[in-house]
There are 2 protein chains.
Amino acid sequence: MATGRTHRPATRSRGIPEATVARLPLYLRALTALSERSVPTVSSEELAAAAGVNSAKLRKDFSYLGSYGTRGVGYDVEYLVYQISRELGLTQDWPVVIVGIGNLGAALANYGGFASRGFRVAALIDADPAMAGKPVAGIPVQHTDDLEKIIDDNGVSIGVIATPAGAAQQVCDRLVAAGVTSILNFAPTVLSVPDGVDVRKVDLSIELQILAFHEQRKAGEEAQADGAGPAAVTREESDASADQGPDGDVPAVMPA
Amino acid sequence: MATGRTHRPATRSRGIPEATVARLPLYLRALTALSERSVPTVSSEELAAAAGVNSAKLRKDFSYLGSYGTRGVGYDVEYLVYQISRELGLTQDWPVVIVGIGNLGAALANYGGFASRGFRVAALIDADPAMAGKPVAGIPVQHTDDLEKIIDDNGVSIGVIATPAGAAQQVCDRLVAAGVTSILNFAPTVLSVPDGVDVRKVDLSIELQILAFHEQRKAGEEAQADGAGPAAVTREESDASADQGPDGDVPAVMPA
DNA sequence: TACTGTGAAGATATTCACAGCT
DNA sequence: AGCTGTGAATATCTTCACAGTA
């Protein structure tokens with residue numbers, strides 16, 4: 001086969017486990033906050049708490065990147081920020097296009113967390129001719145007809161799909177044909193892509209359903225009600241908070 | 001940690017593995033689509049393709065729920081829809097509040113995927129007095145001051161946080177104190193909650209960073225360029241598409 | 001015959017616990 | 001003394017492959 005290796009199990013890339021990659025952005029966020037407060041070093045314990053994971057996991061994760069810490073001391077914040085950024089590929093510029101400028105697309109366009117990392121909204125695309133030219137977040141919306149040209153002119157390799165479900169696959173096909181190789185999908189559909197193209201999905205409805213599952217469980221658990229009422233109890237677990245997303249899959253939103 | 005008990009490893013609840021729970025909504029979505037097309041039965045192979053997983057995984061997942069299929073035939077669509085819905089707790093009504101009605105909050109309020117499942121947007125809450133009373137998605141926005149009363153009056157146990165990062169923890173604390181036990185967090189912060197409260201997070205920036213990591217990898221892989229160019233090739237992997245979200249963690253968005 | 005349900009194998013991920021630096 | 005880095009032990013998840021059954 002062409003692009004990616006041959007039959008990859010969809011996991012691990014080079015030496016870094018997928019689960020670790022998924023946590024690097026979390027560490028990076030925590031480190032950035034420390035950096036802004038001019039904190040020079042952190043211990044695995046402190047950083048883990050700030051990122052919401054446990055320290056053994058964090059140290060193991062960092063061990064895949066190399067030995068960036070100092071025994072007896074901790075990690076140099078600035079240095080780690082740089083190393084993780086580089087590992088994630090954030091030291092380069094990533095032009096991104098957002099397709100589907102409904103409520104959600106507009107929210108994404110306005111999202112401030114882009115520029116701070118290496119991302120740049122290169123263009124907004126929508127199928128509604130009435131939207132063409134109208135600025136959203138200071139960027140004029142362009143029509144779907146020009147999708148291929150926009151991708152090409154801007155050297156875009158990452159696309160965000162925020163269209164209704166019905167349009168998603170078609171948009172996806174065009175993005176891929178135009179050269180996009182990574183897609184973040186907010187439409188509640190399974191996208192079919194050729195080998196070598198990465199898709200990640202975000203689905204609000206799915207997340208809520210997972211919460212409902214656990215919520216239901218809790219309700220049925222009012223048997224040995226030894227402790228206090230439903231609210232109350234402020235015991236923290238080991239490190240940070242409760243289970244901040246027990247892994248699992250991701251979910252998706254959709255505009256109007 | 002997760003639900004209640006004392007020291008659980010943040011995984012599995014009762015007999016159903018967390019990874020399976022996270023996929024049930026996917027199956028449900030695919031089944032609902034089949035149901036709308038009046039398809040009476042599906043094989044694990046077909047349903048798996050529609051949900052974007054492989055059939056062995058799907059069968060294993062279903063085996064945790066019970067033996068709902070018929071050998072030699074497949075699964076009864078309607079029956080499965082019901083069983084999964086029940087398992088996820090979607091046969092009951094879940095009133096939800098959304099706090100933070102910026103771009104994203106509004107997008108969520110307008111999201112149609114709610115009612116179709118058991119969710120109902122009971123109230124929209126924002127800290128901006130200027131927004132109070134203004135209808136978004138047909139629901140009048142209420143002020144944060146009344147948060148506790150709103151939670152209480154509506155019997156809300158699931159809250160969605162779509163505020164800026166700085167306000168998230170405070171909102172979270174109030175939601176929890178008012179009785180909310182499940183939170184979907186779109187703010188890019190780690191929330192600290194007492195034991196017994198579930199938090200799931202959705203962070204756009206994190207998803208993009210994970211894509212960037214893989215994208216960078218691909219770029220550095222143009223060594224043994226034996227096949228065709230970057231685009232092209234339409235070979236599907238085993239079942240559905242390529243790696244549709246290699247699990248990992250979740251990420252978060254933020255309004256303006 | 002065709003397809004489910006599942007034990008067993010294999011792959012990943014998490015956690016423990018301690019050796020090894022500074 | 002304090003904290004990192006990591007082998008080894010566990011726990012979890014995925015995949016295989018086939019017995020069982022309608």
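Per chain, numbering begins at 1; letters A, B, ... match sequence-line order. From a predicted model like this one, the values you see are computed outputs, not experimental measurements.
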Any side-chain N or O of B:S44 under 4.0 Å from OP1/OP2 of C:dT4?
yes
Measure from CD on A:E18 to P on D:dT14 and round the result to the nearest Å.
13 Å
CD of B:E45 versus C1' of D:dT15: gap in Å, rounded?
13 Å
Would you indicate which nucleotide in C:dA17, C:dG7, C:dC3 comes nearest to any side-chain atom of A:R59?
C:dA17
B:R23 CZ to D:dC13 C1': how many Å, rounded?
8 Å
Write down the distance between CG (A:D61) and P (D:dT6), rounded to a whole number of angstrom.
13 Å
State which residues pass salt bridge (charged side-chain N to carboxylate O under 4.0 Å, His left out) with B:E215; sequence neighbours excluded, sorted by chain then number.
B:K218
Under 6.0 Å between ring centres, would you say that holds for B:Y79 and B:Y68?
yes
Rounded distance (Å) that lies between atom P of C:dT6 and atom CZ of B:F62
14 Å
What's the NZ-P distance between B:K60 and C:dA9, to the nearest Å?
13 Å
Check each residue of residues 68-83 of chain A for a non-hydrogen atom within less than 4.0 Å of any atom in DNA chain C, then write out the ones that pass by number, or none.
A:R71
Atom OH of A:Y64 and atom C1' of D:dG7 are separated, to the nearest Å, by 11 Å
Reckon B:K57 has a side-chain N or O less than 4.0 Å from the OP1 or OP2 of D:dT15?
yes
Side-chain N or O of B:N54 closer than 4.0 Å to phosphate OP1/OP2 of D:dT14:
no
Counting heavy atoms from C-beta on, name the nucleotide in D:dC3, C:dT14, C:dG5 closest to the side chain of A:S43.
D:dC3
Rounded to the Å, how far apart are B:E46 CD and C:dT4 C1'?
14 Å
I need the full list of ring pair (Phe, Tyr, Trp, His ring centres under 6.0 Å) pairs touching residues 32-60 of chain A, with sequence neighbours left out, sorted by first then second residue.
none
